[in-house]
Amino acid sequence: MTLGEPWSRGVSRDESGVVAVAGVGVHDLAAQHGTPAYVLDEADLRQRAAGYRRAFGSAFAEIGAGVDVYYAGKAFLSLAVARWVHEEGLRVDTATGGELAIALRAGVPGAHIGLHGNNKSDDEIVTALEAGVGRIIVDSLVEIDRVAALAGARGLVAPVMVRVTTGVHAGGHEYISTAHEDQKFGLSVAAGQPSARSAGTTLPADVAPDERPAGRAGARDALPDSPAMTALLRAVERPELHLLGIHSHIGSQILDPTGFEVAARVVLTLRAQLAERTGVLVDEVDLGGGYGIAYLPGEVALDPDRIAKDVAASVAASAADVGTPLPRFSIEPGRAIVGPAGMTLYTVGTVKPVRIDDGRTRTYVSVDGGMSDNIRPALYGAQYHAEIVGRRSDAEPVLARVVGKHCESGDIVVHEVQLPGDVRAGDLLAVAATGAYGRSMASNYNQVPRPPVVAVNAGASRVLLRRETVEDLLALDQG
Ligand SMILES: *Cc1c(COP(=O)(O)O)cnc(C)c1O
């Protein structure tokens with residue numbers, strides 16, 4: 001029987017209670033690869049990648065616009081995963097030289113790779129330029145000059161997008177909109193922000209996005225250009241740059257289309273203003289990533305078909321309102337492609353009942369990994385779901401907390417979950433939906449070697465990333 005969300009589509013449980021992924025039982029996985037191990041359901045990942053491409057492709061075709069789907073490699077990148085998403089028609093976003101190297105080594109064409117980052121090194125920029133990446137997303141005025149200089153010195157023209165902040169923040173079930181942003185990414189569309197021209201000047205802080213100067217004259221004399229407009233103008237001016245378009249990323253784990261729609265309207269308005277100022281109507285608009293998934297039973301992931309239709313209808317209306325033809329769009333899902341496709345398989349060690357304040361007992365179930373393989377609960381208070389997967393149990397469920405083996409009381413994998421009361425050492429326990437930001441954020445805290453990533457497909461498993469060993473750790477130590 002298939003378990004359903006938040007597990008990947010290939011996860012099922014047989015009559016004896018043993019769980020399998022794509023036909024491979026967890027006892028076999030544990031015997032072959034050890035625990036802890038990240039287990040990735042290849043078919044599920046490919047289906048999600050293809051599903052996003054199809055959903056957005058057809059919804060945007062309906063409004064007469066093209067769309068590219070970039071897989072946000074920071075969620076999890078390996079040679080195989082880069083190849084899979086490439087085969088499913090996605091492009092790949094990278095944010096560092098390391099991610100870029102993996103995408104290139106996997107055979108993703110440079111033209112299908114984007115380079116992000118708020119503090120790219122010259123090496124990273126040069127590598128990207130020499131690989132012929134399709135786009136460098138620039139994040140500051142100084143970076144515009146640096147990319148232009150590095151491209152110019154090589155006789156190249158760098159394709160760039162300018163990352164803007166629209167004031168829209170989304171995540172979970174809500175979005176909020178603020179004029180001014182206190183974060184490191186992007187360039188604000190709000191006038192009255194310090195930019196290169198006005199740096200150091202104190203300006204009115206109460207300018208809402210919809211009060212921004214609308215056109216060329218009048219209001220523009222009252223307020224300096226927004227940092228976003230200043231950056232776009234500079235990118236247009238530099239002959240070593242080809243300004244492809246405008247980029248906006250509004251958040252993570254978004255479950256509602258409103259934030260994307262409001263941000264898209266702001267970006268399309270900015271695009272029209274730039275065209276009015278310079279005669280340059282940029283070709284592309286990127287709406288970023290952040291498509292939400294189910295982490296717990298009963299949670300409902302964002303449906304790509306529905307969100308694609310909603311966002312397409314909304315951007316078509318916004319473009320008509322501002323009176324410009326539609327650009328080509330792109331989106332950057334990471335978590336939504338790889339998150340649900342992955343689970344982590346652990347072995348239970350110590351089981352300890354602890355009396356808590358309200359008189360209840362909480363059963364602390366320690367597993368052989370922890371915050372080094374999944375930092376998200378400690379970092380964000382992220383919630384996960386766990387089950388005993390190696391056997392059936394008819395024991396009464398108990399209130400349990402799944403914890404790791406690290407020297408830190410915050411080393412929690414699952415804050416609260418019902419597990420069978422007879423949970424015991426040696427049980428196999430799986431945590432669902434760990435494919436994104438699990439291995440990619442893993443550390444060697446306590447000198448714990450990082451677990452392998454094992455792909456499963458059609459009844460067979462293979463190692464994508466091998467388990468680290470203590471020898472690997474010692475090899476770095478120069479004594
Ligand atoms: C993190 C990030 C993404 C991917 O976010 P998900 O929540 O994994 O979809 C996409 N674009 C940018 C610029 C990001 O920083």
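Whatever order the structure lists them in is the order used to number ligands and atoms, beginning at 1. Computed from a predicted model, the values in this text were never measured in an experiment.
Residues passing the salt bridge (Lys or Arg N to Asp or Glu O under 4.0 Å) test with Glu261, sequence neighbours excluded: none.
Ring geometry, Phe260 versus Tyr291: the interplanar angle falls under 30°, so the pair is classed parallel (tilted spans 30 to 60°).
For Ser330 and Asp286, the side-chain atoms include at least one donor-acceptor pair closer than 3.5 Å. Side-chain polar atoms of Asp41 and Ser8 form a donor-acceptor pair below 3.5 angstrom.
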Go ahead and list the nitrogen or oxygen contacts between ligand 1 and the protein that come in under 3.5 Å, distances to 0.1 Å, or just say none.
from, atom 1, to, atom 2, distance (Å)
ligand 1, 7 (O), Ser252, OG, 3.3
ligand 1, 8 (O), Arg335, N, 2.8
ligand 1, 8 (O), Tyr437, OH, 2.6
ligand 1, 9 (O), Gly290, N, 2.8
ligand 1, 9 (O), Gly334, N, 3.0
ligand 1, 11 (N), His249, ND1, 3.4
ligand 1, 11 (N), Glu332, OE1, 2.6
ligand 1, 15 (O), Lys74, NZ, 2.7

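At a threshold of 4.0 Å, the pair Lys405-Asp411 does not count as salt-bridged, since none of the basic side-chain nitrogens sits closer than that to a carboxylate oxygen.
Under the 6.0 Å distance and 45° angle rule, Arg135 counts as a cation-pi partner of Tyr70.
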